[in-house]
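Here the structure comes first, spelled out in structure tokens, and everything after it is commentary.
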Amino acid sequence: MMNRKRRNIYLCLIMIMAMLLTACGSGAASDAQIKEVRDVLNGETSSSDGDKANADESEKKDDIVFRTEETKEGAWDGTTKEDKYAGSEYTVTILLRDVWDGGFTANVTIENTGKKLLKDWELKFKYGGRISNVWNVKATKTGDSEYTITTTEDWNRNIEPGKKVEFGMSEQTDFAGFPTDYQLTATAAETDGTSSTEAPAASSEPGTDPNASADPNATADPGTEEEVDVSGETVSGTVKKHGRLKVKGRYIVDKKGKKFLIKGPSTHGIAWFPDYVNKSAFKTCKKWGANTVRLACYSSEGEGYNTGSVWNTIDKGVKAATELGMYVIIDWHILNENKPMMSFDRAKTFFTHFAKKYGKRKNVIWEICNEPNGCEWAADIKPYAKKMIPLIRKYSKNIIVVGTPTWSQDVDVVANDRLTGRYKKDVCYTFHFYAATHKDDLRNRVKTAISKGLPILCTEFSICEASGAGTLDKASGNAWINLFRKNSIGYISWSLCNKDEAASLLLPTCQKTGNFKKSDLSETGKWVVSKWK
């Protein structure tokens, strides 16, 4: 009597022949037939005399290409925000987070709908536009309109049954319609229940090397004045000279109580432009007169926030700024998540991690909500600040910058209802302007806030329109900088990158990520650098 394994193989051969005969008449085998063959094949390793074969099967490294099919053309009607493709053993969902003329951001989720672990997955699809800005993965163009997405992080390399992995992408080109012709390739294996496809938990200190020794500053008393950088060297440069900055009245002052004017660039979103977060880039800005760099970490997962590569970029930025003796602002870049409390849980994880790690450093400044919008100071922003400030104060007494309503413009409103008591110490408030859009009406708001003694720091500005594009207004820009200098209000410019928009400090043709020359600067960049002197 033949054993069960051999019998199943014969059955499969018979079924395949039957499917081929059916295909001759109907054009294709049915999903049910394909599934039936797969079930039999899977069943052959479950027999009592196949225990060893079962064990061997789980160790096989042969890739399995899951069935795919041609999908719809991917046409986009201009309003649909989500597209889903259900393949064999997996689904792909694309969620458009934001679309504008000349750009978009999107989240892509892959879900394992099968019963086996998918190891070292690879996703292929066709897309009529350009894909180059991605995070948590690598995108490679492999043919005409064909892209291959591969994993770059250990935590998203495998997908457990019923679990998902997620990555993001953005482009400064028009959205070309949803991708088509998906194909997932992976090594299928029996799961032991120990693999993880989720980002590390906050307690595991993502963004650090798990094999490295503990940060020497992580548990130190935040009141201690001794300061070292990540290499254990004494801090030098501007930070050594001026020390830990404080808020005194409406001014930012240094360790001797003298007014200190913060000035320098902000990065663009570090998920999209991480290459500009490096010592060479910061060193050039310092040579031109900057004393501070702002690291913009968008709060939304759809805009690049993650606890892996983005947190590593922040570490890299703090390290570079510290070694150069510059101040560094860690910015929780609220924008499309307009109300601060919408991202409170992520903000809590974010600031707990970095305040524990860098709270003792003299050069780190905390910006807790970039541009709240569509919300109120008293009802939304102030309560958020009263939750976040004590959390940071457990580890750091450095300056905390609080956003203001209407994309950080309504400083006059905040001046009438500022934080008090234990929430007030070493706290200042954000103001943003774009000179071609914001003129005397907003300057009058700032003057009102100044007259009421509100401490202000401008953590973002440019001389173009509020969209980041459009015409430049240097005259309005000069009026703003003159107002700030006269009243000792620091100013940080948007943004250090070569994005093809008016606000960028670098020309779109500049391929450097450091050691810049004046000839690499855009018209905006040349004007901004002249104001760092």
Of all pairs that satisfy salt bridge (charged side-chain N to carboxylate O under 4.0 Å, His left out), the ones with a partner from residues 398-410, not counting sequence neighbours: D410-R445
Compute whether any side-chain donor of one residue and acceptor of the other, for R157 and T151, lie under 3.5 angstrom apart. yes
Side-chain touch I314/I330, heavy atoms, less than 4.5 angstrom: yes
Salt bridge check: are K357 and D315 linked by an N-O gap of less than 4.0 Å? yes
All salt bridge (Lys or Arg N to Asp or Glu O under 4.0 Å) counterparts of D380, not counting sequence neighbours: none
Salt bridge (Lys or Arg N to Asp or Glu O under 4.0 Å) partners for D417, two or more places apart: K382
Is the H333-W272 ring centre distance short of 6.0 angstrom? no
Partner of F461 under side chain to side chain contact (heavy atoms under 4.5 Å, CB included), picked from Y491, W480, F484, is Y491
Which heavy atom of G514 sits nearest a heavy atom of N278, and at what distance? CA-OD1, 4.4 Å
Non-neighbouring partners of R418 that pass salt bridge (Lys or Arg N to Asp or Glu O under 4.0 Å), sequence neighbours left out: none
Partners of E371 by salt bridge (Lys or Arg N to Asp or Glu O under 4.0 Å), sequence neighbours excluded? none
Should the pair Y327 and F260 be assigned to parallel (<30°), tilted (30 to 60°) or perpendicular (>60°) ring geometry? perpendicular
Residue pairs passing the salt bridge (charged side-chain N to carboxylate O under 4.0 Å, His left out) test with at least one member in residues 479-506, sequence neighbours excluded, are K499-E501
Please tell me whether Y276 and N498 have a donor and an acceptor in their side chains that are separated by less than 3.5 angstrom. yes
Lys/Arg-Asp/Glu bridge criterion (N-O < 4.0 Å) met for E337, R346: yes
Qualifying residues under ring pair (Phe, Tyr, Trp, His ring centres under 6.0 Å), relative to Y434, sequence neighbours excluded: none
For residues 525-533, run the donor-acceptor check on the side chains, cut-off 3.5 Å, and write out each pair with its distance to 0.1 Å, sequence neighbours left out.
from, atom 1, to, atom 2, distance (Å)
W527, NE1, N478, OD1, 3.3
S530, OG, W527, O, 2.5
K531, NZ, N478, OD1, 2.9

Residues two or more places apart in sequence or in another chain: which of them pass side-chain contact (heavy atoms from CB on, under 4.5 Å) with D174? none
Can a side-chain donor-acceptor contact be found between S504 and W494 if the only test is distance below 3.5 angstrom? no
Between F350 and W332, how do the two ring planes meet: parallel, tilted or perpendicular, split at 30° and 60°? tilted
Among all residues two or more places apart in sequence or in another chain, which pass the side chain to side chain donor-acceptor pair (under 3.5 Å) test with S266? R294
Can you name the residues that form a ring pair (Phe, Tyr, Trp, His ring centres under 6.0 Å) with F104, not counting sequence neighbours? F175
Is D520 paired with K512 through a side-chain N to carboxylate O contact shorter than 4.0 Å? yes
Hydrogens and angles aside, do N291 and K263 bring a side-chain donor and acceptor to less than 3.5 Å of each other? no
I'd like a table of donor-acceptor pairs (distance under 3.5 Å, sequence neighbours excluded) in which one partner is a side-chain atom from residues 468-477, with atom names and distances.
from, atom 1, to, atom 2, distance (Å)
T471, OG1, E465, OE2, 3.3
D473, OD1, A475, N, 3.3
D473, OD1, S476, N, 2.9
D473, OD2, K439, NZ, 2.8
K474, NZ, E523, OE2, 3.1
S476, OG, A435, O, 2.8
S476, OG, R443, NH1, 3.3

